[in-house]
Colleague: 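To start, I am sharing the structure in question, which I have written as structure tokens.
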Amino acid sequence: VVFRDHASFETQVRNAERMRDLYGIGFEAEDSGALAKAEPALRQPLEGAIHWHDAWTCTDPGALVLAYSRLFEQQGGELLRSELIGLEQAGAAWKVRTSAGTLDTANVVVALSPWSPQALAPLGYKVAMVPKRGYHMEFDYSVDAGRLRLNLPVIDAALAAVYSPMRKGLRIATGADLSATSKGLPRQ
């Protein structure tokens, strides 16, 4: 997390020290010089940064999902790509009707993002959910690899933006829309 002004940096270092003392969360406070050395692609001088040591990152989410999928299959799971037609509870189990046929299963995972409440409503489940849509842009490293390449993800606290080095380029994420009336999303 990078900071543009000294007061914010000092305040957040004290908060990080509190988190370390209470919960054992590892971090390193970097002054302006250490930050510039660690992240030379950040051209504007900044006051400092907090480098959280135990943060997990992923430079290729698609490859991660494929690896999980392969592991699932290696452990005996089966991937079925078909259209979901219906879902109904059958005692303690489930009947899943698809374009490939009907499946009987003990468990079902519904992962339909903002459409989950709509899919579960006929079964009597009322799921409170507010759709969230994030905003991001990606820049290809091949355009200007030297200027864009960060070593670690960077959160700019003042601008509420996240800069993430990805396998193919730099991803910049900003704000989110929590409107239930976002284009293409169901009204709640």
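We count residues from 1, following the sequence as given.
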Colleague: Do L159 and L150 belong together in a cluster built from hydrophobic side chains that touch within less than 4.5 Å?
Modeller: yes
Colleague: Should the pair R4-D156 be classified as a salt bridge under the 4.0 Å nitrogen-to-oxygen rule?
Modeller: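 A salt bridge is present here (some side-chain N lies under 4.0 Å from a carboxylate O).
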Colleague: List the atom pairs, donor and acceptor, that lie under 3.5 Å between side-chain atoms in residues 88-98 and the rest of the protein, sequence neighbours left out.
Modeller:
from, atom 1, to, atom 2, distance (Å)
E88, OE1, R97, NH1, 2.7
K95, NZ, D104, OD1, 2.7
T98, OG1, S82, OG, 3.4
T98, OG1, A100, N, 3.0
T98, OG1, G101, N, 3.3
T98, OG1, G101, O, 2.8

Colleague: Following the transitive rule for hydrophobic clusters with a side-chain heavy-atom cut-off under 4.5 Å over Ile, Leu, Val, Met, Phe, Trp and Tyr, establish whether L152 and L46 coincide in one cluster.
Modeller: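 No; tracing contacts between hydrophobic side chains, which count when under 4.5 Å, never links both residues.
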Colleague: Roughly how far, to the nearest 0.5 Å, is the CG atom of D140 from the CE atom of M166?
Modeller: 13.0 Å
Colleague: Out of curiosity, does V110 fall in the hydrophobic cluster containing L80 (side-chain heavy atoms, cut-off under 4.5 Å, transitive links)?
Modeller: yes
Colleague: Measuring from S69:OG to L66:CG, what's the distance to the nearest 0.5 Å?
Modeller: 6.5 Å
Colleague: Compare all side-chain heavy atoms of P40 with those of N151 and state whether any distance is below 4.5 angstrom.
Modeller: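 A side-chain contact exists here, since the closest heavy-atom pair is under 4.5 Å.
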Colleague: On a heavy-atom basis, which atom in R167 and which in A63 lie closest, and how many Å separate them?
Modeller: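 Between these two residues, the closest heavy atoms are NH1-CB, 4.3 Å.
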Colleague: According to side-chain contact (heavy atoms from CB on, under 4.5 Å), who are the partners of A38, at least two apart in sequence or on a separate chain?
Modeller: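 In terms of side-chain contact (heavy atoms from CB on, under 4.5 Å), with neighbours along the sequence ignored, A38 is linked to E30.
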Colleague: Do M129 and P117 come within less than 4.5 Å of each other through their side chains, counting heavy atoms only?
Modeller: yes
Colleague: Nearest 0.5 Å please: distance from the CZ atom of F72 over to the CD atom of E78.
Modeller: 8.5 Å
Colleague: Under 3.5 Å, is there a donor-acceptor pair between the E28 and H51 side chains?
Modeller: no
Colleague: Can you tell me how far apart NZ (K37) and CG (L42) are? Round to the nearest 0.5 Å.
Modeller: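 Atom-to-atom, K37:NZ and L42:CG are 15.5 Å apart.
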Colleague: Is the number of heavy atoms from other residues, nucleotides or ligands under 6.0 Å of R18 CZ greater than 12?
Modeller: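 It does not: R18 CZ has 12 such atoms or fewer within range.
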Colleague: Are Y125 and W115 linked, directly or through other ILVMFWY residues, by side chains that come within less than 4.5 angstrom of each other?
Modeller: yes
Colleague: Out of curiosity, H136 NE2 to I172 CD1, how far, rounded to the nearest 0.5 Å?
Modeller: 11.0 Å
Colleague: Check whether T105 reaches the backbone of N107 with its side chain - one donor and one acceptor, N or O, closer than 3.5 Å.
Modeller: yes
Colleague: Between atom CZ of R14 and atom OG1 of T11, what is the distance when rounded to the nearest 0.5 Å?
Modeller: 4.5 Å
Colleague: For the pair S116 (side chain) and S113 (backbone), establish whether a donor and an acceptor sit closer than 3.5 Å, ignoring hydrogens and angles.
Modeller: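 Checked: pair present.
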Colleague: Using a 4.5 Å cut-off between side-chain heavy atoms of Ile, Leu, Val, Met, Phe, Trp and Tyr, which other residues end up in the same hydrophobic cluster as I50?
Modeller: V1, F3, F9, V13, M19, L22, Y23, I25, F27, W52, I155, V162
Colleague: Taking all non-hydrogen atoms of both residues, which atom of M137 and which atom of F139 are closest, and how far apart?
Modeller: CE-CZ, 3.9 Å
Colleague: Same cluster or not: L112 versus L103, using hydrophobic residues (I, L, V, M, F, W, Y) connected whenever any side-chain heavy atoms lie under 4.5 Å apart?
Modeller: yes
